[in-house]
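See structure below.
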Amino acid sequence: MHRRIIAPGALAAASLMLAIPASAASWSPGAPGIGDPYYPAYGNGGYDVSHYDLRLQYQPATDELAGTATILAKTTQDLSSFDLDFLLDVSEVRVNGAKASFTTSGQHELVVTPKTPLAKGTPITVVVRYSGVPSTKSAYGFNTWHRTPDGAVAADEPEAAWWWFPSNDHPLDKATYDVSVAVPDGTQVISNGLLQSTSSRLGWTRYNWRENKPQATYLATLAVGKFDITTSTSEGGIPVVNAYSKDLGDNDGAARASIERTGELVDWLSGYFGPYPFSSAGGYVPNTTTGYALETQTRVYYSPRQFANGSNTSVVVHELAHQWYGDSVSLKGWKDIWINEGFARYAQWLWSEHEGEGTTQELADYVYASHPADDAFWTVKPGDPGPDNQFDGAVYDRGAVAVQALRNAVGDDAFFAILKGWPQEHAYGNASVADFEAYAEKVSGKSLSALFDTWLFQPTKPTAPAASSASIAKASTAPAQPKSWKKIEATNDVHAH
């Protein structure tokens, strides 16, 4: 604190006291975590982000990333300092134009101390200049930045942002995005939303992407490489942008045969889930060695391995269903993962029925019968699986059986009203399993607490009477394997990292 000489006397002292804001005594650091029990250090407290503007330059040959992130936010408490989740090397931070001091803490925290404290409700502009080699950075023993022969990809769950931009990394703090990246001529950049423009100068080409709807940080994606990009418009009027690495080899045909149906599948899913919530759709397939796919908003990430056995529209349906269930309506906490995965899996079951390869009921019966009572499958609680089981197959399959049980309990009219109404009720926001139960009860007019408890929260296989009341597992003999099962099963590790 800088002292200044003031005139002596009680009046001067009183004036000085009045000049100190009443809230000064309450200034405190923002929490280093947003409060998620699964991931206590993820996200941050004290502010809410509305927009990320990322202006970057990337050199594929050396994996060097450099640039400036401008973050627009508003304080939610009287702040003396606040954290950003980030791993790269920071050279300067400014808050509302003034240089701020900064340091690192823990495994992935950038701690920023503004020149002057920030009162609650203050709009803030945070500018972070940074650089680094993302592939050399790790936290908690892992790295989610994926090098490719011609570039790199940022796509992972529940964290990926730390390796390429500073953020409040939790789905509770969604924001809009401008992502501008310069790369050497001949290399392309893929990101979320719509490409606004490109420009070339002195051997570098800059790509400017914009996602104009709120987006969770883990759904922001960046891919740099040499791609074949296709564009189209769905029959329902949605622009579709797909990109395929030029070195996919034998997987290229199957990938295109699947992902080029995105427009058709978006329109089909709209019949169940309501209007598509974003300004564009599509997907991309870089030449990575990972095995998973991810519902990165508007621009789904697919691993080439998803298409190793031929075309796979089922995985495309799964990831597109997430655009409603997971992307537009995001979870409040990571324990609410069932709303994302149970319904995306159920969309695959609906597609199976549409294709004549097994009804949703046949698939539910098959899952139920395939797992005996002592199978560990039933010990995973889809409604709160714990961080170690967040992407366990039971969250998907038992989770989808729970959706079918709900359908049987409330009837088709109420069920499909719930399915379509939910994404509109919470559009671009966040919701929990408890919120979904309340909504389903409101729409159906039925008490559903026992059903939700049985199928989502009990670590045991529901008994035959309980299952029978939901029209599941009535048959005395094991049901036949639905024709679609192997395709659906092939996506069981869709998010297994």
Side-chain angles (χ1 to χ4, degrees), residues 52 54 56-67 86-88 132-139 142-165 167 169 177 179-184 186-193 195 205 207 209 211 215-230 241-249 251-252 255-256 258-259 262 282-308 315-316 319 322 327 493-497:
Y52 292 96
L54 310 177
L56 311 173
Q57 181 169 304
Y58 180 71
Q59 174 53 265
T62 57
D63 195 40
E64 291 176 279
L65 181 70
F86 197 45
L87 288 174
L88 298 187
V133 179
S135 59
T136 66
K137 303 293 184 179
S138 65
F142 61 83
N143 180 306
T144 68
W145 180 261
H146 309 293
R147 293 298 307 277
T148 61
D150 53 12
V153 173
D156 218 317
E157 181 184 15
E159 66 289 289
W162 314 340
W163 283 264
W164 67 289
F165 69 98
S167 68
D169 190 28
Y177 283 73
V179 177
S180 174
V181 186
V183 292
T187 300
Q188 291 135 307
V189 175
I190 305 297
S191 191
N192 311 87
L195 184 65
T205 302
Y207 293 79
W209 291 88
E211 174 46 54
Q215 174 175 275
T217 43
Y218 83 96
L219 298 173
T221 193
L222 175 68
V224 177
K226 298 181 186 300
F227 293 99
D228 177 35
I229 298 174
T230 67
V241 180
N242 297 321
Y244 307 90
S245 175
K246 292 186 177 179
D247 55 1
L248 290 178
N251 292 324
D252 183 80
R256 291 173 188 264
S258 309
I259 298 166
T262 292
Y284 71 96
V285 192
N287 186 15
T288 61
T289 57
T290 62
Y292 62 89
L294 183 65
E295 64 270 21
T296 37
Q297 191 162 307
T298 72
R299 193 104 324 103
V300 174
Y301 164 80
Y302 298 98
S303 159
R305 278 169 50 190
Q306 296 293 328
F307 311 102
V315 72
V316 179
E319 301 304 337
H322 276 309
D327 292 13
D493 62 349
V494 72
H495 293 165
H497 303 176

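For the numbers below, each heavy atom of this structure counts, side chains included, while hydrogens, waters and symmetry mates do not. The first residue of the sequence shown is numbered 1, and numbering continues consecutively from there.
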Looking only at heavy atoms, the pair that brings Thr288 and His146 closest together is CG2-CB, 4.5 Å

Among all residues two or more places apart in sequence or in another chain, which pass the side-chain hydrogen bond (donor to acceptor under 3.5 Å, both in side chains) test with Asn242? Glu260

Gly225 versus Thr187, closest heavy-atom pair with distance: O-CG2, 3.5 Å

Interatomic distance, Asn143 atom CG to Trp163 atom CH2 [nearest 0.5 angstrom]: 5.5 Å

Residues which pass side-chain hydrogen bond (donor to acceptor under 3.5 Å, both in side chains) with Ser135, listed by chain and number, not counting sequence neighbours: Asp63

ring-ring contact (aromatic ring centres under 6.0 Å, His included) for Phe86 and Phe165? Distances and angles first, verdict last. CA-CA 7 Å; Phe86 197 45; Phe165 69 98; 8.2 Å; no

How many angstroms lie between atom OG1 of Thr144 and atom OH of Tyr218, to the nearest 0.5 angstrom? 14.0 Å

Stepwise side chain to side chain contact (heavy atoms under 4.5 Å, CB included) check, Thr262 with Val316: CA-CA 7 Å; Thr262 292; Val316 179; 4.0 Å; yes

Checking ring-ring contact (aromatic ring centres under 6.0 Å, His included) for the pair Tyr292/Tyr302: CA distance, chi angles, key distance, verdict? CA-CA 7 Å; Tyr292 62 89; Tyr302 298 98; over 10 Å; no

For the backbone of Thr290 and the side chain of Ser303, can you confirm whether one donor and one acceptor N or O come within less than 3.5 Å of each other? yes

What pairs with Lys226 under side-chain hydrogen bond (donor to acceptor under 3.5 Å, both in side chains), at least two apart in sequence or on another chain? none

To the closest 0.5 Å, what do you measure between CD (Glu159) and OG1 (Thr217)? 10.0 Å

Partners passing side-chain contact (heavy atoms from CB on, under 4.5 Å) against Ala223 (at least two apart in sequence or in another chain): Val153, Ile190, Phe227, Tyr284

On a heavy-atom basis, the closest approach of Asp169 and Pro158 is OD2-O, 4.3 Å

Side chain Gln306, main chain Gly291, donor-acceptor under 3.5 Å: yes

Distance from Leu54 atom CG to Leu222 atom CG, nearest 0.5 Å? 9.0 Å

Taking all heavy atoms of Pro60 and all of Val224, pick out the closest pair and write down the distance. CG-CG1, 4.1 Å

Can you name the residues that form a side-chain hydrogen bond (donor to acceptor under 3.5 Å, both in side chains) with Asp150, not counting sequence neighbours? Thr148

Closest non-hydrogen atoms of Ala154 and Thr221, given as atom of the first, atom of the second and distance, are O-OG1, 2.7 Å

Whether Tyr58 and Trp145 hold their rings parallel, tilted or perpendicular, with breakpoints at 30° and 60°: perpendicular

If the condition is side-chain contact (heavy atoms from CB on, under 4.5 Å), which residues does Leu195 pass it with, not counting sequence neighbours? Thr198, Tyr207, Trp209

Ignoring hydrogens and angles, tell me if any N or O in the side chain of Ser245 forms a donor-acceptor pair with the backbone of Leu248 under 3.5 Å. no

Could you check whether any side-chain N or O of Thr298 sits under 3.5 Å from a backbone N or O of Gly193, counting only pairs where one atom can act as donor and the other as acceptor? yes

Evaluate the ring-ring contact (aromatic ring centres under 6.0 Å, His included) criterion for residues Phe307 and Tyr244: first the C-alpha distance (whole Å), next the side-chain angles of each, then the deciding distance (0.1 Å), finally the verdict. CA-CA 12 Å; Phe307 311 102; Tyr244 307 90; 8.7 Å; no

Backbone N or O of Ser191 within a donor-acceptor pair of the Arg299 side chain at under 3.5 Å? yes

At their closest point, which heavy atom of Asn192 faces which heavy atom of Ala220, and how far apart are they? OD1-CA, 3.4 Å

Any sub-3.5 Å donor-acceptor pair from Glu211's side-chain atoms to Tyr177's backbone N or O? no

